[in-house]
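Reckoned from all heavy atoms, side chains included, excluding hydrogens, waters and symmetry mates.
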Amino acid sequence: MIGSSRFASVGRRTMSFHVQATKKGGVALSLQKTKWGKVVTRVERVGGDRDALCTALKTRLGTGGTVADDGCVEVQGDHREAITEWLLS
């Protein structure tokens, strides 16, 4: 498996997910501006339990988020540095 691997505890269950690294070894993150002018950080190349990653990020960052239809995890706000640091630690 390439990239970061984490285990998140949600309730009494432990769920696993992984984020594949880019060719340069980083995390596939991007910013997207919604039609209402708000900024959303997108985590791409997510495998495993996407809902567990979304829940862990929302808890860690204290913000809202969702799993998009294309399988990416979206978190409200610009959290690229915090997400990269957390995934690579």
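Nearest heavy atoms, G65 versus C54: C-SG, 3.7 Å. Scanning both residues, A82 and L61, for their nearest heavy atoms gives CB-CD2, 3.7 Å. Considering every non-hydrogen atom in both V73 and R50, the closest pair reads CG2-O, 4.0 Å. Across every non-hydrogen atom of R80 and D78, the tightest pair is NE-OD1, 3.0 Å. Closest of all the heavy-atom pairs between G64 and K58 is C-CD, 3.8 Å.
A side-chain donor-acceptor contact under 3.5 Å links T41 to the backbone of G77. Counting only distance, with no hydrogens or angles, the side chain of R45 and the backbone of A21 share a donor-acceptor pair below 3.5 Å. The backbone N or O of Q76 lies less than 3.5 Å from a partner atom in the side chain of T63, making a donor-acceptor pair.
Contact annotation: the side chain of R60 approaches that of W86 to within less than 4.5 Å [non-hydrogen atoms, C-beta and beyond]. Counting heavy atoms from C-beta outward, V43 and I83 have side chains that approach closer than 4.5 Å.
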Applying side chain to side chain contact (heavy atoms under 4.5 Å, CB included) to L29 and E44, what does each step give before you reach the verdict?
CA-CA 6 Å; L29 297 175; E44 301 170 354; over 6 Å; no
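The cluster map of Ile, Leu, Val, Met, Phe, Trp and Tyr, joined by side-chain heavy atoms under 4.5 Å apart, puts L88 and V19 in the same cluster.
Salt bridge present: D70 and R42 bring a charged side-chain N and a carboxylate O closer than 4.0 Å.
With side-chain heavy atoms closer than 4.5 Å counting as contact, directly or through intermediates, V40 stands alone and belongs to no larger hydrophobic cluster.
Rounded to the nearest 0.5 Å, atoms OG (S30) and CD (Q32) are 7.0 Å apart.
Residues passing the side-chain hydrogen bond (donor to acceptor under 3.5 Å, both in side chains) test with D69: none are found, sequence neighbours excluded.
Across D49, T55, D51, L57, a single residue satisfies side-chain contact (heavy atoms from CB on, under 4.5 Å) together with L53, and that is L57.
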